[in-house]
Amino acid sequence: MKRDHRQTTLSTSDGVDDLQDINWTFEGTDTQYLTHGLHNYPARMVPEIPDTLLGYYKNQGVIEEGDLVYDPFSGSGTTAVEGRLHGLNAEGNDINPFAVMLSKAKAIPLERGSLSEARDALINGLSQDLRDVREEYDQLGEVDWLEMPEVRDGWFPEPQIHELTAIRDRIDSVEDAFGEAYARFFRIVLSHTTRKVSYQRNGEYKRYRLSEEDRVEHNPDVEPIFTKKLKQNMKKMQDYSNRVDHDLDTTIHYSDSRTAVEDVGENQADIVITSPPYGDHQTTVAYGQFSQDPALLTGKVTYDEMKDVDKTGLGGRYDVLEPVSNLEEYSPTLKTTLDTLREKDGRSDDALDFFRDYYAVMEQVAKITKTDQPVAWVVANRTMSRVNIPTHLITRELCESLEYEFDVNLPREIPTKTLPWENAPENVEGTKGNLMANENIVILRAP
Ligand SMILES: C[S@@+](CC[C@H](N)C(=O)[O-])C[C@H]1O[C@@H](n2cnc3c(N)ncnc32)[C@H](O)[C@@H]1O
């Protein structure tokens, strides 16, 4: 049975003087509470982590209500949501436009009355609209107002894809009448529906298609999928909205955190809680592929914006910066790791690319964060070319070279299989199921 997170976590950090006394694995807790459950996202951070850290630092008087929490890798906005639940303003960056949309949809509360009115405007007449679309399709065999061949071809059953676009058009009208925030909330419901309706295999973070036989069988009913998720998300949003201060700010920049100071400014953040990507998006967690169809079909995001997300991610060989040549001097553990990879003819260049980019973000975060305030990096230790990469030690050493002061390392196990361990190319006998099964929360004080 799932435990109530509030009872678990508030009592977890309440009265605790040492973060090491907490069990950070949070096995069996509900990770979908309130708006955290609006939509899936790959490698989502367990919300109990920011919840517990924020509660702890508030108790310790290190942060207070009205302060700013920053996350350079916002993803689905877990830190931003928890920030607001703790009375903090939140800011973040992400290079995935879908992540930016999702973070805002989850963290910015909507007014109960307007939400119900907007929902009614969306739903009244929807059934008739969808019937009309199917009829038009039956008569013509196609619906010529559908543009977007990149999305459509081979990835969606028909006429369902036309029904999805009809819902999107209704959401566009809601946007005209009720504004962007309400429309965004419905776009997230449509995105969920899009994934269920498409030929994308469930439970995958990459763009894998159902087999040909399964595609023939796949004949989903669009409207009930949409309305069921809408009802669930409305309840989650209403509960969240009742709990939080609507006057706080949430700002998520659709831009690269390797240059985040330009967006956020210096000495702004009172605390940072983040989980960086693992590097190598194409082979580990493909954020862009995961988000592509939903993002395009829900509108507002173009194919050109989506197609490079996995290349622009950290370590993705998309050079924003000059290479840092002496990274290995800064971190002896990185040097040993790269030497081992070189000896084995492993992927040392890829690893170095990733850490070079990651280091750039550490530099930006050092500037963005007020001196002595906590910065928590939630990192997984992955394996590359059969070599374990001790990311937590490298994180610590690289940050220390930037004059962060190390505070504590909190190890945790990943209780559920949320990552494609078995599919990763480096996965070999002996490391099976263990590719990213451990995480560490590395906490330092900003310089
Ligand atoms: C591990 S996920 C973060 C998950 C997030 N903590 C959550 O709970 O949903 C890493 C995120 O970093 C983003 N990302 C990768 N490289 C980036 C960069 N250079 N700048 C900003 N965001 C980046 C990815 O798009 C992805 O959303």
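The shown structure was predicted, so the numbers you read here are calculated from the model rather than taken from an experiment. Read the numbers this way: they start at 1 and go in the same order the structure lists the ligands and their atoms.
Taking the centre and axis of the six-membered ring of Phe406, the NZ or CZ atom of Arg396 falls inside the cone set by 45° and 6.0 Å.
Taking only nitrogen or oxygen atoms, main chain and side chain alike, Ser275 reaches within less than 3.5 Å of ligand 1. The shortest N/O to N/O separation between Ser76 and ligand 1 falls below 3.5 Å.
Ligand 1 does not have Pro47 within reach: every non-hydrogen atom of the residue lies 4.0 Å or more from it. The shell of residues lying under 4.0 angstrom from ligand 1, judged by heavy atoms, excludes Ser103.
Side chains of Asn96 and Tyr41: a donor-acceptor N/O pair is present below 3.5 angstrom, by distance only.
Taking a cutoff of 4.0 Å between a charged side-chain nitrogen and a carboxylate oxygen, Arg187 and Glu175 qualify as a salt bridge. Look at Arg243 and Asp239 and you find no salt bridge, because none of the NZ, NE, NH1 or NH2 atoms lies under 4.0 Å from a carboxylate O. Salt-bridge annotation for Lys367 and Glu266: absent, with no side-chain N of the basic residue lying under 4.0 Å from a carboxylate O of the acidic one.
Against a heavy-atom cut-off of under 4.0 Å, Thr78 is close to the following atoms of ligand 1: 7 (C), 8 (O), 9 (O). Applying the 4.0 Å criterion to heavy atoms of Arg44 picks out, from ligand 1, the atoms 7 (C), 8 (O), 9 (O). Proximity to Asp256 (heavy-atom distance under 4.0 Å) selects the following atoms of ligand 1: 18 (C), 19 (N), 20 (N). Which parts of ligand 1 touch Pro72 is read off a 4.0 Å heavy-atom cut-off, strictly below it: atoms 21 (C), 22 (N). Near Ala43, meaning under 4.0 Å from one of its heavy atoms, ligand 1 places the atoms 1 (C), 4 (C). For ligand 1, the atoms closer than 4.0 angstrom to any heavy atom of Asn96 are 25 (O). Counting the atoms of ligand 1 from 1 in the order shown, those under 4.0 Å from a heavy atom of Pro276 are 1 (C).
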**Asked** So Glu65 and Lys58, salt bridge (charged side-chain N to carboxylate O under 4.0 Å, His left out) or not? Walk me through it.
**Response** CA-CA 8 Å; Glu65 297 200 351; Lys58 254 164 67 181; 3.7 Å; yes
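Here Tyr359 and Phe355 keep their ring centres 6.0 angstrom or further from each other.
Relative ring orientation between Tyr182 and Phe178 is described as tilted, the plane-to-plane angle lying within the 30° to 60° band.
The proximity of Tyr41 to ligand 1, defined as any non-hydrogen pair under 4.0 Å, is limited to the side chain.
Across the listed options Ala260, Ala380, Ser257, Gly92, Ser257 owns the non-hydrogen atom lying nearest to atom 20 (N) of ligand 1. Scanning Asp94, Val361, Thr274 for the heavy atom closest to atom 11 (C) of ligand 1 points to Asp94.
Between the side chain of Ser401 and the backbone N or O of Leu398, at least one donor-acceptor pair lies under 3.5 Å.
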